[in-house]
Every structure is written in structure tokens, then in C-alpha cells.
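One is the number of the first residue; the rest follow in order along the sequence.
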Amino acid sequence: MARSSGSTGPTLAVVAREAGVSVPTASKVVNGREDVAPETRRRVTEVLDRLGYIRRPRCEAPKPTAIVDLVVHSLDSAWSGAVLHGAAEAAHEAGLEVVVSAAATRSRGGRLEYGWPEKLYARGSSGVLFHLVELAPAQHSWLGERRIPFVLIDPANDPPPGVPSVAAANWQGGMAATEHLIGLGHRRIAVIGGLGRAVRDGGRVAGYRSAMAAAGLPVPSAYVRYGEISEAGARHRMGELLDLPEPPTAVFVCSDQMVPGVYQAVRRRGLRVPRDISVVGFDDLPQARWITPALTTVRQPLSEMAGAALRTLLRLMTGEVPEAIRTELSTRLMVRSSTAPPLRAPL
């Protein structure tokens, strides 16, 4: 049998002659081309196996790096940096690139415009992470029709069935914050939540209620307040609490972003934190450490949540089923200077 000089097996020409086909046809079979008749493919394959022809691995062009989009509620929000850090770190380990964009931008006329769908489709993004973005049904359908996998990070409300999400253990955090205040001796403890319809804030308030019930402490309806997640909204709600005939000696605030407004309301009454009223927040944003006094707060693992969401998205991109549709990561209480035992025994 003829062999090429220095070769370790039959040449393609020998295989073609033995199979009774042309060299190009034999080459097509070797390279897995589909434009070959089934009988011809069978005959060539039998000759390849009988003669021990060695198929050389094909040199494929390097595949371009896959891109995933991270769509955030706002590029200048206090949460965006931590989320981007966690997503970028996990993407680097997976060999992916991350493109960040805001969910909505304002046009010159002041109208909100949503340009992320067209942009990510034009980029050929392999998947999307959404942080603090509430998707409309039409946007869910748009992603589904184009088979673009996506994962929600810290959704405000329960996602539709089958939509993967990663969130913090909000109930656990609300309970830990309230138990800390109870342990210091507080009995009149109020709570200020964000949007009353948000499941996320509802979980934190539910944790507060559970801790109060476990300690046998009443929760007057006037002690449960909701408002906008802003300094102005929190300042107004805290003022209402201080106007009560029996004001609280401590307050659990469901977002660090609201705490400056709470501090302002307390100082305007000539009171001090924590001497006259203790304050606990939720999130552990950077401002929690530099605000005066430094804020005792529940740490929400934003970077870890983003990393877990990216890894879930990677499974979806490769056709795998995620380990869980909803993932919750544990929170941790960070005790600082804004909490202390009550100055006077409660009435």
C-alpha cells in the first residue's frame, strides 16, 4: 500500500482509490461536510477505519469573546459599583466581556427612552443581567422571542414564573436588625420601608415584625411607615414618628439611602443619634461608614449576588438548567456607632 514519505498512515489519495471516489469527495467525508450521499459516506468511512487513516484535528479560527450585558437602573446609583465589580470579576473568570448600560435615559424633551433592547441585540449579546430593573411584559416577550437568556439581580417584586433571580435574604436581615435593637433594651421600635408594594421591602418589614412578635412586643400601626427611597421621604416619615405621643426609641430603616433624611429629622428636633434614638439601616453602602455617626446596618452582599447571577446566566447560555430559579444570599449585621441602649426606660 502506497504511503507518503514520512507519513504514519495512508494518504487521502489511497483512501479515495480504495473507496472508489474522488479525492475531494474523500476530503469532504474526513472534514464532516454534509454534501455527500449517505452510501458514499458509509463506503469512505469503512475504508478510513480499515486503513487506519488518522484524522488531523482541524485548526479552527479563535472564537470571539462572548458578550453579556449588565443593565442597571441608574449608572450613578450607590449600588451600581458593587454590582459591576461582582459581575466583572465572575465574567473574567468565565472568559466573558461585560457591557454596562442604564435601563432608561432621558431625551431632550424629558421623556424616558429605553434603548437597551436594540443595543444588546445589535451587539449580539449572549445574555443579560438586570439590576433593580422592573421589566415590562413586552420586554419579557422581546427577550423570549429572541432566545436571549437573562437573570434578575435584587428584583423589587416577584419575577414571573421560571425567571431566574438572585437576591439577599431580606427577611433574615430585617429580623437581625430588629433583634439587635431588642438586645440593646429597646421596646418601642419603628420601621420605615421603601415602596409599600415592593416584595423586597416587604420581606425586610416582615423580618422586623417576626422579631417583635418573638420578643412579645407590640407593633402599633403608627410605627410602620412607608415612603419614597430618598432623603426627603425619610425625613418626612421620621418627623411623623417623632410627633407621636409616644415616639419610638429606635428605628429600622429599610435602605441606607434613606438614613441621611432620618438623621436630619432627629437633629432638627434637637435630638441626637444614638443618645436619643438608635438607627439601623439596610444595604451597607459606602456612605454607611462615613456618615456621622457611622451607621449600624445590614450588609447586603451585592458583589456576591452579581457574581452568582453571572454564573447562573452562564449555565443558561450553555443550555444547562440552573440549580435554582431563585437564589438568596445571607445578609450580615454590621454594628457601628448609630445604636446604643435607650437613654430612658420605656414608658
#### Entry: Worked verdict on V71 versus F150 for side chain to side chain contact (heavy atoms under 4.5 Å, CB included)
CA-CA 10 Å; V71 180; F150 63 97; over 6 Å; no
### Query
Taking the side chain from H186 and the backbone from A340, do they hold a donor-acceptor pair closer than 3.5 Å?
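Judged by distance alone, yes, a pair lies under 3.5 Å.
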### Main-chain N/O of P293 paired to Y263 side chain as donor or acceptor, under 3.5 Å
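Yes, because the side chain of Y263 sits within donor-acceptor range (under 3.5 Å) of the backbone of P293.
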Measuring from atom [atom1] of [X] to atom [atom2] of [Y], what distance do you get when rounded to the nearest 0.5 angstrom?
X: F252; Y: I192; atom1: CZ; atom2: CD1; value: 10.5 Å
X: L217; Y: T178; atom1: CG; atom2: OG1; value: 10.0 Å
X: M317; Y: L96; atom1: CE; atom2: CG; value: 5.0 Å
X: R235; Y: R267; atom1: CZ; atom2: CZ; value: 12.5 Å
X: S141; Y: R146; atom1: OG; atom2: CZ; value: 10.0 Å
X: M212; Y: R188; atom1: CE; atom2: CZ; value: 11.0 Å

Does [X] share a hydrophobic cluster with [Y], counting links as ILVMFWY side-chain heavy atoms below 4.5 Å and allowing steps through other members?
X: V335; Y: V280; value: yes
X: V262; Y: L271; value: yes
X: L329; Y: M175; value: no
X: M334; Y: V253; value: no
X: V279; Y: M258; value: yes

Under a 4.5 Å cut-off applied to non-hydrogen side-chain atoms, are [X] and [Y] in contact?
X: K119; Y: V99; result: no
X: V298; Y: R204; result: no
X: S125; Y: I148; result: no
X: D154; Y: V83; result: no

Residues which pass salt bridge (Lys or Arg N to Asp or Glu O under 4.0 Å) with [X], listed by chain and number, not counting sequence neighbours:
X: R272; answer: none
X: E240; answer: R225, R237
X: E179; answer: none
X: R336; answer: D284

### Task
List the steps, then state whether side chain to side chain contact (heavy atoms under 4.5 Å, CB included) holds for V21 with T40.
CA-CA 8 Å; V21 298; T40 302; 3.8 Å; yes
### Member of V128, L84, L310 meeting the side-chain contact (heavy atoms from CB on, under 4.5 Å) criterion with L70
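Looking at V128, L84, L310, the match for L70 under the side-chain contact (heavy atoms from CB on, under 4.5 Å) is L84.
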### Query
With respect to P322, which candidate in L313, V151, L314, L316 satisfies the side-chain contact (heavy atoms from CB on, under 4.5 Å) definition?
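Among the candidates, only L316 passes.
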### By ring pair (Phe, Tyr, Trp, His ring centres under 6.0 Å) - contacts of H92 (at least two apart)
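Result, ring pair (Phe, Tyr, Trp, His ring centres under 6.0 Å) vs H92: none returned.
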### Message
The criterion is side chain to side chain contact (heavy atoms under 4.5 Å, CB included); which residues satisfy it with A168, sequence neighbours excluded?
### Response
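For A168 the side chain to side chain contact (heavy atoms under 4.5 Å, CB included) partners, ignoring immediate neighbours, are N170, Q300, P301, M305, T331.
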### Query
Listed by chain and number, what are the side chain to side chain contact (heavy atoms under 4.5 Å, CB included) partners of P260, not counting sequence neighbours?
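Here the qualifying residues are E231, Q264, Q287, I291.
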### Task
Quick one: which residue pairs count as a salt bridge (charged side-chain N to carboxylate O under 4.0 Å, His left out) with a foot in residues 295-310, not counting sequence neighbours?
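The answer is R299-E304.
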### Qualifying salt bridge (charged side-chain N to carboxylate O under 4.0 Å, His left out) pairs, either residue in residues 307-317, two or more places apart
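Pairs touching residues 307-317 that pass the test: R315-E323.
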### Task
Would you mind listing every side-chain hydrogen bond (donor to acceptor under 3.5 Å, both in side chains) that reaches into residues 208-217, with sequence neighbours excluded?
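Of all non-adjacent pairs touching residues 208-217, those that pass side-chain hydrogen bond (donor to acceptor under 3.5 Å, both in side chains) are W171-S210.
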### Task
Check the pair R42, T45 against side chain to side chain contact (heavy atoms under 4.5 Å, CB included), reporting the backbone distance first and the verdict last.
CA-CA 5 Å; R42 183 192 62 77; T45 301; 5.8 Å; no
### Task
State whether a side-chain donor-acceptor pair under 3.5 Å links T296 with H180.
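No, because no side-chain N or O of T296 sits under 3.5 Å from a partner of the opposite role on H180.
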### Query
Taking 4.0 angstrom as the limit, do R289 and D256 come out as a salt bridge?
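Answer for the salt bridge query: no.
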### Task
With sequence neighbours left out, write down each residue that passes side chain to side chain donor-acceptor pair (under 3.5 Å) with S303, or none if nothing qualifies.
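S303 satisfies side chain to side chain donor-acceptor pair (under 3.5 Å) with no residue once adjacent residues are dropped.
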### Message
Using the side chain to side chain donor-acceptor pair (under 3.5 Å) criterion, which residues pair with E328? Sequence neighbours excluded.
### Response
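Only R326 meet the side chain to side chain donor-acceptor pair (under 3.5 Å) criterion with E328.
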### Query
Does the pair D283 and Q257 meet the rule for a side chain to side chain contact (heavy atoms under 4.5 Å, CB included), with working shown?
CA-CA 9 Å; D283 288 327; Q257 209 168 15; 5.7 Å; no
Which heavy atom of [X] sits nearest a heavy atom of [Y], and at what distance?
X: A87; Y: L129; value: CB-CD1, 4.2 Å
X: P155; Y: P159; value: CG-CG, 4.1 Å
X: S255; Y: I229; value: OG-CG2, 3.7 Å
X: T297; Y: G281; value: OG1-C, 2.9 Å
X: V205; Y: C254; value: CG2-SG, 4.1 Å
X: A88; Y: V98; value: CA-CG2, 4.4 Å

### Task
Evaluate whether atom CD of E46 has more than 12 neighbouring non-hydrogen atoms of other residues, nucleotides or ligands under 6.0 angstrom away.
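Above 12, so yes.
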